[in-house]
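Lettering follows sequence order; numbering is per chain, from 1.
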Number of protein chains: 2
Amino acid sequence: MKDQNPELATTERYIGIGELARESGCKPETVRYYEQIGLLPSAPRNEGNQRRYTTASIRRLTFIRHARDFGFSVEAVRELLQMADYPDMPCEEIDRLAKRHLAEVEARLARLTSVRDELKRMINQCAGGSVGQCYIIDVLSDHRLCHQTGPHGGADVIG
Amino acid sequence: MKDQNPELATTERYIGIGELARESGCKPETVRYYEQIGLLPSAPRNEGNQRRYTTASIRRLTFIRHARDFGFSVEAVRELLQMADYPDMPCEEIDRLAKRHLAEVEARLARLTSVRDELKRMINQCAGGSVGQCYIIDVLSDHRLCHQTGPHGGADVIG
DNA sequence: ACTTGAACCTCTAGTGACTATAGGTATTAC
DNA sequence: GTAATACCTATAGTCACTAGAGGTTCAAGT
């Protein structure tokens with residue numbers, strides 16, 4: 001069946017979820033997921049119940065994809081989208097959100113850097129004998145052998 | 001009820017899950033979870049069905065915690081623990097595992113660094129007017145405004 | 001008109017590494 | 001004896017998707 005939504009039939013070209021996904025760098029599953037959690041509005045359907053999108057959808061999804069690539073959480077993206085919908089409002093909130101995210105990224109970076117340094121150090125120290133002599137095992141067994149103070153970051157920060 | 005396991009009662013001091021958790025920097029829930037997934041052996045129980053641990057348990061769990069802090073996955077920790085149990089084997093495999101992990105950490109670092117730089121740049125460029133003029137929104141809307149090539153890393157790498 | 005294959009649909013469950021909650025039992029201190 | 005604390009199991013929730021089953025629709029070729 002052809003696209004026959006009378007509201008928009010003549011002006012704009014309609015695309016399916018596959019093309020939308022390709023254009024914006026997502027997968028169709030992800031698009032449906034975003035619709036489900038309300039990050040994208042419910043798409044209109046054609047007569048065969050398939051979602052139809054316009055170029056506006058491509059822009060919105062590209063924005064989402066890009067913000068996610070920057071590491072903004074889905075909730076942050078939701079806020080960004082809401083704010084972007086009101087171009088006349090001041091952009092303070094957006095600045096605040098971006099700065100907060102930057103601070104988190106820098107904290108992650110710091111912890112990841114110290115993990116990298118410690119990993120490098122323990123790999124270099126290992127002379128390559130038996131497990132019983134392995135410096136890597138020694139360090140993992142005893143935090144005092146680390147050069148840094150405090151925990152490294154807590155796994156969730158790293159991996 | 002007191003600890004009354006005849007096998008070990010006299011020599012070693014027994015501790016409960018709470019003390020084990022405190023000593024090794026985990027939570028009791030996490031200890032039970034590690035037992036459930038087989039990272040820790042099933043602990044012996046006292047007559048009241050409560051888990052009893054020894055100092056050996058503290059060492060093993062500290063090792064796990066520390067390796068997790070380094071960002072090793074639970075599966076990697078499982079392998080490390082297995083290898084650590086055979087001190088006479090060569091430590092090549094441990095080296096290999098550590099090096100592979102280091103490579104992943106460095107890749108993450110690179111992507112996170114580029115995200116940080118781009119975030120900084122877009123925050124500095126934003127003159128602070130309305131949302132419609134906001135450079136942050138502009139960059140998120142259009143990947144071509146980024147200084148870097150390619151995607152930033154794919155969200156999972158960042159967050 | 002028919003058929004094939006790709007794209008689409010919904011619904012449910014799985015991922016990793018925990019964390020939280022509910023509803024109960026055991027231990028310990030007073 | 002009692003009250004606070006620690007412990008127990010079992011189940012569900014977190015985040016941001018991803019994968020799969022089982023069915024429907026579309027587009028193209030014959």
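You'll find the side chain of R32(A) stays beyond 4.5 Å of the side chain of Q36(A), heavy atoms only.
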Distances under 3.5 Å only, N/O to N/O: pair up the protein atoms with those of nucleotides 3-5 of chain D.
none

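In terms of the side-chain hydrogen bond (donor to acceptor under 3.5 Å, both in side chains) criterion, residue partners of E35(B) (sequence neighbours excluded) are, by chain and number, R51(B). Listed by chain and number, the residues in a salt bridge (charged side-chain N to carboxylate O under 4.0 Å, His left out) with D85(A) are R60(A) (sequence neighbours excluded). Looking at residues two or more places apart in sequence or on another chain, you find a side-chain hydrogen bond (donor to acceptor under 3.5 Å, both in side chains) between E75(B) and R78(B). Listed by chain and residue number, R96(A) satisfy the side-chain hydrogen bond (donor to acceptor under 3.5 Å, both in side chains) test with E93(A) (two or more places apart in sequence, or in another chain). Residues that satisfy the side-chain hydrogen bond (donor to acceptor under 3.5 Å, both in side chains) test with E79(A), not counting sequence neighbours, are absent from this structure. Every residue two or more places apart in sequence or in another chain that forms a side-chain contact (heavy atoms from CB on, under 4.5 Å) with Y33(A) is listed here: I37(A).
For the pair F72(A) CZ and dC17(D) P, the computed distance is 15 Å after rounding to whole Å. Nucleotide dT25(D) holds its P atom 13 Å from the CZ atom of R52(A), rounded to whole Å. Separating the CD1 atom of I37(A) from the C1' atom of dC17(D) is a distance of 9 Å, rounded to the nearest angstrom. Atom CD of E75(A) is separated from atom C1' of dT14(D) by 12 Å (rounded to the nearest Å). Remark: C1' of dC8(C) and OH of Y14(A) are 18 Å apart, rounded to the nearest angstrom. As a whole-Å value, the separation of E47(A) CD from dC8(C) C1' is 16 Å. If you measure from atom CG of L39(B) to atom P of dG16(C), you get 14 Å, rounded to the nearest angstrom.
For R45(A), whose side chain is taken as the heavy atoms from C-beta onward, the closest listed nucleotide among dC8(C), dT10(C), dC8(D) is dT10(C). Candidate nucleotides dT27(C), dC18(C), dC8(D) were compared by shortest atom distance to the side chain of N46(B), and dT27(C) ranks first. Relative to the side chain of Q50(B), the nucleotides dC17(D), dC9(C), dC7(D) differ in distance, and dC7(D) lies closest.
Panel note: side chain T62(B), backbone I58(B); a donor-acceptor pair is recorded below 3.5 Å.
Residues N49(B) and G18(A) each lie close to DNA chain C; by heavy-atom proximity, the contact nearer the 5' end of the strand is made by G18(A).
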Name each donor-acceptor pair under 3.5 Å that joins a side chain in residues 19-28 of chain B to protein atoms two or more places apart or in another chain, with its distance.
| from | atom 1 | to | atom 2 | distance (Å) |
| --- | --- | --- | --- | --- |
| E19(B) | OE2 | R13(B) | NH2 | 2.7 |
| S24(B) | OG | L20(B) | O | 2.7 |

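Within residues 24-36 of chain A, the residues approaching DNA chain D are K27(A), T30(A), Y33(A), Y34(A), by heavy-atom distance under 4.0 Å.
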